[in-house]
Structures are given as C-alpha cells and as structure tokens.
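Worth saying up front: this structure is predicted, and the values here are computed from it rather than measured.
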Amino acid sequence: MTSAGHALRLGYGTNGFSGHRLPDACAVIAGLGYDGVALTLDQPHLDPFADDAAAQTSRAAATLAEHGLAVVIETGSRYVLDPWRKHEPTLVSDGDRGPRVELLTRAVRIAADLGAEAMSCWSGVLPEGVTGEEGWRRLLDGLGPVLELAHELDVTVCFEPEPGMHVDTVDEALDLRRRLGEPEHLRLTLDLGHLVCNEPRSPEASVALAGDLIGNVQVDDMVRDVHEHLELGTGTLDLDAVLRALLGTGFDGLASVELPRHSHAAPAVAARQIAALRASLDRISGAAPTPAEGRTP
C-alpha cells in the first residue's frame, strides 16, 4: 500500500501522539491516510520494561493489523531508562551502558514480534573529556550484541546520525558501518530536518550519499544550526527536492513524520503534514525522479 497512490509510503511517529492511547493514535493516523507508524518504545504506548511487555506487544500487533499499518521501531524516548537524565545512559556514556544495550536488544525482539521494517537507534552525546576514539570503542562494543541478535532474528537496524551526538552526520554513520564490517542488516535512518540542521552538504546530496543504504526516514523541517523539529513549510527544507532525491534512491521504506513536541495538537498537526507531503509528491510526480549518484567511497 502506498499513500494516495504515490510511490513513497508515509508514516507518523507515535511520539507525536503521547496524549493518545496507542489504539486511538493508530486510528487517527490511519484515518488521515498514513501507511504506517514509527513506534517509539516508551510508557504511553509500548513500555519495553513493563511486566506485561509481551502482552502490550501482542495488543500493538493486533492494533496495527486492524488498521493495516506498517511499523518501524524507534528508541529515542527521553526518560525510559533514567527518570532524571534525558536519554541516559547512551551507547557512549560514562559508567554502566548496559541499560541502553538492554533497551536496544528488547527493541530488536519487539521489532521481530511486530514484523517491523526496521529498528532505529543512535549513538548518544559523548561526555566531556572522552576522546573520539574512546567514543568509537564504546559504540562498537555496545552495538555488537544488538547487531548479533538482529542478524539472528532477521531485523534491520537503522542507525541515525543525530545533531550534537558522537555520530552526527551521514559521513560518520557510513564510517560506523565500515568499522563494523558493513553488515547487510545495518542501514541508515535519515531525518530530513537534520540534513538541513548540520550536514556539510545539501539535503539532496546527503540523500544521494547514503543512497541505497537508507532504511528508515524521519520527516520534519528545520533551520540551519538549530535542532528543533518543525512542521513542514516552517523551516528551510526544500521538500520537493529532498523527496525527489529520496525517490531517486529507490527507497521503499516508511518516511515517518517526526514531531515529538506537537502532541498537544496531534490530529491537526498530522493532517497538515500529510497534506504537505501529498502536495509535494503531486508536484514532483509528473517527472521521473533523478537517479541518485552512487555513494562516494
């Protein structure tokens, strides 16, 4: 299924529906015409550490099936591990990074149980005084068991370069993949807003650089050097150009709106985003997408 007949499948992130129960969020998202959801593992919708996590996963599967929604699993919840410290611990934190590895392995299992198209994660912010090479060592060590389990369960892991984190650009995400031996089941998550915020090249060129390694896409707008997720059309992203580039890579996964601070008006915001996306796709559908140039070595 594709959104309104377009080649690109559109999704919406559940972290933008934190005031809704998961069945209600999925009903609204499907009712607006989205093809899938990016399901953030957290207490409002599916708590991976709850005593009844397995039952929650079963209920989520039934809800997704009822509405015909595809799913990717996101792991960017702010306080699921530590009620005091946002995102901590990460894969590059000082101290015990085990809880983050445990979250990611649980996410892989939930992804397998739901038939998710991907499980997405990121590195975390490198603590002050820690060298870059030590950050790489921590990251590779932490991802090891996650990728082993993902290979065993046939789950695709998509790594997201995140502004301000140890791995914050497409180049560094590709470097991570090389350092890990380029496993087939490790691909990239691209957030279109991040391509505006801090990449060293145009968003279209960043998409082309990632090319056929793009396994998951998050959709939002931004302005340069400000990591704030904005509604489409309120930042500086050239949506037509970046979607044309994305189509040119042959990407066939979900492109899911990522507006985690907009839950207060989720249905109205989600309606505006799908209207903007469909309008953009309509504008570019008359011309064949420009093939993305190959990744640079």
Side-chain angles (χ1 to χ4, degrees), residues 1-4 6 8-48 50 56-57 59-80 86-87 107 110 114 116-118 120 160 162 189-194 196-197 216-223 226-235 237 239 243 253-281:
M1 179 172 66
T2 57
S3 181
H6 292 296
L8 193 65
R9 293 183 302 135
L10 305 177
Y12 203 93
T14 62
N15 61 359
F17 272 80
S18 63
H20 286 67
R21 300 175 185 88
L22 182 61
D24 293 338
C26 288
V28 174
I29 290 166
L32 290 170
Y34 287 95
D35 306 304
V37 296
L39 174 57
T40 295
L41 299 184
D42 205 350
Q43 50 79 21
H45 297 137
L46 201 170
D47 183 349
Q56 288 188 35
T57 302
R59 291 194 294 270
T63 295
L64 294 167
E66 176 187 353
H67 295 290
L69 293 170
V71 64
V72 298
I73 298 298
E74 295 282 351
T75 58
S77 48
R78 292 181 175 91
Y79 296 102
V80 70
K86 176 183 173 183
H87 291 156
I110 290 170
L114 293 179
E117 299 181 7
S120 185
E160 180 187 3
E162 182 90 16
T189 291
L190 289 194
D191 184 307
L192 302 186
H194 295 173
V196 172
C197 179
N216 181 38
V217 171
Q218 299 171 353
V219 179
D220 52 84
D221 210 335
M222 286 193 192
V223 299
V226 181
H227 187 196
E228 180 182 355
H229 292 239
L230 304 173
E231 290 193 47
L232 295 169
T234 63
L237 179 70
L239 186 60
L243 290 184
L254 279 176
S256 301
V257 176
E258 174 82 355
L259 291 173
R261 298 179 182 176
H262 290 68
S263 292
H264 63 284
V269 173
R272 289 195 292 268
Q273 304 322 292
I274 199 167
L277 285 161
R278 284 174 170 169
S280 178
L281 290 168

Which of parallel (below 30°), tilted (30 to 60°) and perpendicular (above 60°) describes F17 and H20? perpendicular
Please give me the minimum heavy-atom distance between H229 and H262, naming the atom from each residue. O-CE1, 3.5 Å
Check step by step if side chain to side chain contact (heavy atoms under 4.5 Å, CB included) holds for V217 and L8. CA-CA 11 Å; V217 171; L8 193 65; over 6 Å; no
R278 CZ to I274 CD1 distance, which is reported to the nearest 0.5 Å: 4.0 Å
Please round to the nearest 0.5 Å and tell me the distance separating atom OG of S120 and atom CG of L190. 10.0 Å
For the student: nearest non-hydrogen atoms of L69 and G36, plus distance: CD2-N, 3.7 Å
Counting only N and O atoms by type, is there a donor-acceptor contact under 3.5 Å from the side chain of D221 to the main-chain atoms of L230? no
Sub-3.5 Å donor-acceptor pair from the side chain of T40 to the main-chain atoms of E74, do we have one? no
Heavy atoms of A70 and R9 approach each other most closely as CB-NH1, 3.7 Å
Rounded to the nearest 0.5 angstrom, the CD-CG distance for Q218 and L254 is 11.5 Å
Among residues at least two apart in sequence or on other chains, which ones pass side-chain hydrogen bond (donor to acceptor under 3.5 Å, both in side chains) with S263? S18
Side-chain contact, heavy-atom cut-off 4.5 Å: V226 with M222? no
What one should report as the nearest heavy-atom pair of L41 and V80 is O-CG2, 4.2 Å
Main-chain N/O of A62 paired to E66 side chain as donor or acceptor, under 3.5 Å: no
Can you list the steps and then say if L22 with V37 is a side chain to side chain contact (heavy atoms under 4.5 Å, CB included)? CA-CA 10 Å; L22 182 61; V37 296; 5.9 Å; no
Do the side chains of L46 and T14 get nearer than 4.5 Å, heavy atoms only? no
Run the numbers on C26 and L64 for side chain to side chain contact (heavy atoms under 4.5 Å, CB included), then give the verdict. CA-CA 7 Å; C26 288; L64 294 167; 4.2 Å; yes
Checking the side chain of Q56 only, and the main-chain atoms of D47 only, is there a donor and an acceptor separated by less than 3.5 Å? yes
Rounding to 0.5 Å, atoms CD (E117) and CG (N216) come to a distance of 9.0 Å
With sequence neighbours excluded, residues passing side-chain hydrogen bond (donor to acceptor under 3.5 Å, both in side chains) with T57: none
Start with the C-alpha gap between R272 and L232, add the side-chain angles, then the distance that decides, and say whether side chain to side chain contact (heavy atoms under 4.5 Å, CB included) holds. CA-CA 8 Å; R272 289 195 292 268; L232 295 169; over 6 Å; no
I'd like to know if the side chain of D191 and the backbone of G193 have a donor-acceptor N/O pair within less than 3.5 Å. yes
So, applying side chain to side chain contact (heavy atoms under 4.5 Å, CB included) with P48, which one of T75, I110, I73 is it? I110
Counting only N and O atoms by type, is there a donor-acceptor contact under 3.5 Å from the side chain of S280 to the main-chain atoms of A276? no
Quick one, Q273 and L259 - any side-chain contact, counting heavy atoms below 4.5 Å? yes
Could you give the distance from CD (E228) to CZ (R261), rounded to the nearest 0.5 Å? 6.5 Å
Does the Y34 side chain pair with the main chain of A270, one donor and one acceptor, at a distance under 3.5 Å? yes
What's the separation between atom CG in D35 and atom CD1 in I29, rounded to the nearest 0.5 Å? 11.5 Å
Could you list the residues that satisfy side-chain hydrogen bond (donor to acceptor under 3.5 Å, both in side chains) with Q43, not counting sequence neighbours? none
Considering all heavy atoms of both residues, which atom of H67 and which atom of P23 are nearest to each other, and what is their separation? NE2-O, 4.1 Å
